[in-house]
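Since the structure is predicted, the reported quantities are computational estimates derived from the model, not experimental observations. Chain naming here is simple, since letters A, B, ... match the order of the sequence lines and numbering starts at 1 in each.
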There are 2 protein chains.
Amino acid sequence: MVTINDIAKEAGVAKSTVSRYLNNGSVSPKTKEKIDAIVKKRGYKPNTFARSLKAQKTNMIGVIIPRLDSPSTNEVLSGIDSKAYEKGFQLIITNANQETEREIEDIYTLAKQKVDGIIFLAKEVTSKHRKTIEEIDIPFLVLGQETKEIPSITHDDYGAGKKIAQHALDLGHHDFLYFTVSREDKAVGRDRYDGFYKEISRNSLAKVEMVETSFLMREAYNTAMIELKKSKATFIVGATDTIALAVMKAANDLKMSVPEDISIAGYGGYDLLSFMSPALTTVKYPYFTIGDLAIETLEKMILKEEVPHQQALENQLIIKETTKKFK
Amino acid sequence: MVTINDIAKEAGVAKSTVSRYLNNGSVSPKTKEKIDAIVKKRGYKPNTFARSLKAQKTNMIGVIIPRLDSPSTNEVLSGIDSKAYEKGFQLIITNANQETEREIEDIYTLAKQKVDGIIFLAKEVTSKHRKTIEEIDIPFLVLGQETKEIPSITHDDYGAGKKIAQHALDLGHHDFLYFTVSREDKAVGRDRYDGFYKEISRNSLAKVEMVETSFLMREAYNTAMIELKKSKATFIVGATDTIALAVMKAANDLKMSVPEDISIAGYGGYDLLSFMSPALTTVKYPYFTIGDLAIETLEKMILKEEVPHQQALENQLIIKETTKKFK
DNA sequence: TAATGTAATAGAACCGGTTCCAATATAATG
DNA sequence: CATTATATTGGAACCGGTTCTATTACATTA
C-alpha cells in the first residue's frame with residue numbers, strides 16, 4: 001500500500017508538504033501539480049487510522065441496535081444512514097441482539113474505536129448503561145426511551161395508546177384484549193399500554209385484559225392462539241405491528257374473521273405491512289424522521305452545541321381495514 | 001482519556017511492558033498484578049486505532065448492502081452478524097442505496113478504513129467493480145452474484161425458477177405472468193426467470209408473459225394493477241416475495257381472489273411473510289446460512305487459506321396457500 | 001539596493017500503540 | 001561458586017499520518 005512517504009519521496013518534497021496538500025493546502029501551484037500527478041498515478045489513499053490518531057476525530061458514528069430483523073429498526077436505520085451519508089459520517093452498526101450485556105460491551109467497543117458519537121436504539125436504559133456512558137465520555141444519544149441523564153429522542157408512546165383507545169371507543173367496543181411486551185421496555189411495554197388503558201378507563205367502564213408476550217412473531221402467535229380462544233374481546237391491540245400480525249394469523253387459524261368477528265390494531269406503520277390484506281389499522285411512527293433527527297442532534301453534540309435534552313415526535317393514527325364498528 | 005503512557009508511568013514501568021501485559025503477556029506475576037490494579041482503577045481501554053496502525057490488522061469487516069429495508073438483506077445480515085460476533089470481528093455496515101457509484105465509493109471508504117475484509121451483497125458486478133476491488137487488494141467476497149474473477153457465494157437461482165415452474169405445471173396451469181426485475185441483476189432478474197421459462201417451455205407449449213418492475217413494493221403494485229387487468233394468466237410469479245406480496249395486494253384490490261382465481265408464488269421465504277394470510281407459496285432461500293458461510297469463508301481468505309472460488313447454496317420450494325390446482 | 005513582509009517548505013515532534021533488541025535479573029546447571 | 005540458560009524489562013524505532021516551528025525563497029517597499 002502506498003503511503004504519504006512514498007508520495008513525498010517521489011515528488012522530492014517533505015511529507016509535511018504532502019500532508020498540507022491533502023488538507024488546508026498552502027502549497028505552491030507547481031508543487032501542487034507535481035503531487036497531484038503522483039497521487040493520481042499511484043492511486044494514493046490516506047490511511048484513515050493514522051489520520052484519526054493525531055486528529056482525534058474519526059468521522060465515524062456508532063449505532064447500537066437491538067435486532068437486525070425488525071422493520072422499525074430498519075426504518076430508523078434508513079433515516080440515520082441517509083443523513084449520515086449526506087454529512088459524510090461513516091456508520092458502524094452493531095447488533096446487541098436484545099442482550100443488555102452485549103449493549104454494554106458494544107458501547108465499550110465503539111468507544112475503543114474512537115467513534116465521534118453513539119446512537120443507541122434502546123429498549124431500556126439501566127443504571128449500568130448510565131455508568132458506562134458516563135465513563136466513556138463520548139456524545140451519546142438515546143432513541144426510543146426517555147432518560148433523565150442522557151439526551152434522547154422519543155416517540156409519543158403514551159399518546160399513541162390514547163389514540164387507539166379513542167378509536168376503539170368511537171367504534172363502540174367495550175371488551176379489549178391487549179398483547180404487550182415486558183414492562184421493562186418502558187416505551188413499548190409500558191407507555192403504550194398505559195396510554196391505552198387510562199384513556200379507556202377515563203371514558204368507560206369497559207374491561208381491558210392484558211397479556212404479555214414477546215417481540216418474536218412465533219411467540220406472539222403462540223400466545224395469541226391460547227388467549228384468543230379464552231377471550232371474548234372484540235377489539236385486540238398488539239404492542240407492535242408484528243405482534244398484531246401474529247395475532248391476525250392466529251385469529252385466521254382459529255376461523256375468526258377480521259374485522260367481522262374481531263377488530264385488530266397495532267403500532268408502527270411499517271411500509272411492508274401496508275401491503276397486506278386486510279390492511280392493518282395502526283399508529284404510524286415517523287421512524288425515518290427519528291433517524292434523520294438523531295444524526296442532526298448528534299452532530300450538534302459532537303460540535304459541543306446546545307441540544308434539547310429531550311425531543312418527542314408525534315405519531316398518527318391510520319385507520320385501515322382491520323377495525324370495524326362493534327355490531 | 002487515559003493512555004498506555006499514563007498506566008506505565010503510574011506503574012513505574014516502561015510502556016512496552018504494559019503493552020506486553022496487554023498482549024502476549026511475558027510479564028512477571030507481581031508486575032502483572034500491579035498493572036492490573038491500575039488498569040482497572042483508571043478504566044483504561046487501548047486505542048484501537050493506534051493499535052491497528054502498527055499491527056496492520058483491525059478485526060473489522062466491511063459489509064456493503066444494497067438497501068436497508070429489504071427482508072432478505074436483513075436475514076443475510078443477521079447471519080453475518082452472529083458469526084462475526086462469535087469470531088470477534090467488528091462489522092462496518094455501509095448502505096449503497098442501490099447505486100453503483102456509491103458501491104464503488106464504499107469499497108474505497110472501507111479500504112481506507114483498513115478493514116480486514118469486505119463482503120459485498122451485489123446486484124451486479126461490473127468491470128468497474130472489478131477494477132476497484134483489484135486495486136484495493138483486500139480479501140473480498142461477493143454474495144448473491146456469480147463472478148469469474150472474485151470469490152463468491154450464490155444461490156441456485158436458476159434451480160429456484162425451475163422449481164416454481166415444475167410446481168405450476170404439476171398444478172395444471174398453462175398461462176403464466178411473471179413479474180421480474182431488471183436483467184442487470186443477473187441472479188434475481190435473469191437466472192430466476194430463465195430457470196422458470198426454460199422449464200416451462202421444455203415441458204409444455206404454455207405461454208409465459210414477462211413484465212419488468214422494481215424491487216419497491218409501491219412500483220410493483222402499480223405495475224401489477226395495470227398488468228393484472230390485461231392478463232388472463234392463472235399463475236403469477238413475483239421475482240421476490242415482496243413483489244409477490246404487492247401483486248397479491250393488487251389482485252385483492254381488483255377483486256381477484258387468491259388462490260381461487262389466480263395462483264401466486266415468490267422467492268425468498270422471509271420469516272415475516274410466513275405470518276400473512278393466505279400464506280405465500282415460495283422458494284425458501286437460506287439467507288441466514290449464506291451470511292454465516294460468508295464470514296467463515298472470508299476469515300479463511302484473511303488468513304490466506306484456500307477457499308472454493310464459488311459456492312452455491314440450495315433452496316427449497318415451500319408450498320403454502322397461494323397456489324392451487326388449475327380448475 | 002537594503003530592509004521588510006509573506007508565502008512555501010523542510011524538519012522534528014507527536015498521536016498511542018506494537019515490536020525488536022539489548023540489558024538486567026533470576027533460575028538452573030555443573 | 002562460577003557459568004549458562006531463561007524470564008523480565010527498558011529503550012528505541014516504527015506504523016502513517018498531522019501540526020508546530022524554524023528556515024528559505026521570493027516579492028514588495030522605501
> Using atom CD1 of B:Ile4 as one end and atom C1' of C:dC14 as the other, report the distance to the nearest whole Å.
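After rounding, the gap between these two atoms is 16 Å.
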> Rounding to a whole Å, what distance do you find between A:Lys30:NZ and C:dA8:P?
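My rounded result for the distance is 10 Å.
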> Quick one: is the NZ or CZ of A:Arg130 closer than 6.0 Å to the six-membered ring centre of A:Phe140, and within 45° of its axis?
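The answer is no; the distance or angle limit is not met.
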> Ignoring hydrogens and angles, state whether a donor on the side chain of B:Asp69 or A:Ser78 is under 3.5 Å from an acceptor on the partner side chain.
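Distance-only check fails for B:Asp69 and A:Ser78.
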> If I take atom NZ in residue B:Lys114 and atom C1' in nucleotide C:dG17, what distance separates them, rounded to the nearest angstrom?
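Nearest whole value for this atom pair: 17 Å.
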> Need one value for A:Thr3: base, sugar-phosphate or nothing, where a base atom within 4.0 Å counts as base even if backbone is also close, heavy atoms only.
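Counting heavy atoms under 4.0 Å across all strands, the contact made by A:Thr3 is with sugar-phosphate only.
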> Side-chain donor or acceptor of A:Lys15 under 3.5 Å from a matching atom on the base of D:dG17?
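Between D:dG17 and A:Lys15, which were checked side chain against base, a qualifying N/O pair under 3.5 Å is present.
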> For A:Leu22 and D:dG16, what is the distance between atoms CG and C1' respectively, to the nearest whole Å?
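Rounding to the nearest Å, CG of A:Leu22 and C1' of D:dG16 are 12 Å apart.
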> If you check the A:Leu53 side chain, which of C:dT18, D:dG17, C:dC15 turns out closest?
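Comparing C:dT18, D:dG17, C:dC15 against the side chain of A:Leu53, the answer is C:dC15.
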> Nearest heavy atom decides the nucleotide; on that basis, is A:Asn47 or B:Ala14 closer to the 5' end of DNA chain D?
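Whichever sits nearer the 5' end wins; that is B:Ala14.
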> Please compare A:Pro29 and B:Tyr44 by the position of their nearest nucleotide in DNA chain C and report the one closer to 5'.
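Taking each residue's closest nucleotide, the earlier one in sequence belongs to A:Pro29.
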> Rounding to a whole Å, what distance do you find between B:Ile7:CD1 and C:dG17:P?
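After rounding, the reported distance stands at 9 Å.
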> From the set C:dA12, D:dG11, C:dG17, return the single nucleotide nearest to any side-chain atom of A:Ser16.
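Nearest nucleotide to the side chain: C:dA12.
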> Can you identify which nucleotide, out of C:dT9, C:dC15, C:dG17, has its nearest atom closest to the A:Arg20 side chain?
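Nearest to the side chain of A:Arg20 among the choices is C:dT9.
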> Hey, does A:Ser52 reach any base, or is it just sugar-phosphate, or nothing, if we go heavy atoms under 4.0 Å?
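Since no nucleic acid heavy atom lies under 4.0 Å of A:Ser52, the category is nothing.
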> Name the nucleic acid region contacted by A:Val18, choosing base, sugar-phosphate or nothing; use a 4.0 angstrom heavy-atom cut-off, strictly under.
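No contact.
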> Where the side chain of A:Thr31 is defined as all heavy atoms beyond and including C-beta, which of D:dG10, C:dT9, C:dG17 is the nearest nucleotide?
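Out of D:dG10, C:dT9, C:dG17, the nucleotide with an atom closest to A:Thr31's side chain is C:dT9.
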> Please check if any side-chain donor atom of B:Thr154 sits under 3.5 Å from a side-chain acceptor atom of B:Ser152, or the reverse.
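On atom types as modelled, these side chains do not qualify, holding no pair under 3.5 Å.
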> Starting from C1' on C:dC14, measure out to CZ on B:Phe49 and report it in whole angstrom.
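It is 17 Å, rounded to the nearest whole Å.
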> So that I can tick it off, tell me whether A:Lys83 and A:Glu296 are bridged by a salt bridge, with the cut-off set at under 4.0 angstrom between side-chain N and carboxylate O.
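Salt bridge between A:Glu296 and A:Lys83, a charged N being under 4.0 Å from a carboxylate O: yes.
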> Strictly below 4.0 Å, N to O, side chains only: are B:Glu299 and B:Lys87 in salt-bridge contact?
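Result for this pair is yes, salt bridge flagged.
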> Which of the following nucleotides, D:dG17, C:dG17, D:dT8, is nearest to the side chain of B:Ser26?
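So the nucleotide nearest the side chain must be D:dT8.
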> For B:Tyr21 and D:dT9, give me the distance from atom OH to atom P, rounded to whole Å.
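So the two atoms are 13 Å apart, to the nearest Å.
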> If you measure from the Lys or Arg side-chain nitrogens to the Asp or Glu carboxylate oxygens, is any gap between A:Glu10 and A:Arg42 under 4.0 Å?
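Yes.
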> Mind checking B:Ser28 for me? I need base, sugar-phosphate or nothing, with any heavy atom below 4.0 Å counting as a touch.
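Counting heavy atoms under 4.0 Å across all strands, the contact made by B:Ser28 is with sugar-phosphate only.
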> D:dT19 phosphate, OP1 or OP2: any side-chain N/O from A:Asn23 under 4.0 angstrom?
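For A:Asn23, the contact criterion (side-chain N or O under 4.0 Å from OP1 or OP2 of D:dT19) is not met.
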> Between A:Arg51 (CZ) and C:dG16 (C1'), how many Å, whole number?
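Taking atom C1' of C:dG16 as the reference, CZ of A:Arg51 is at 18 Å.
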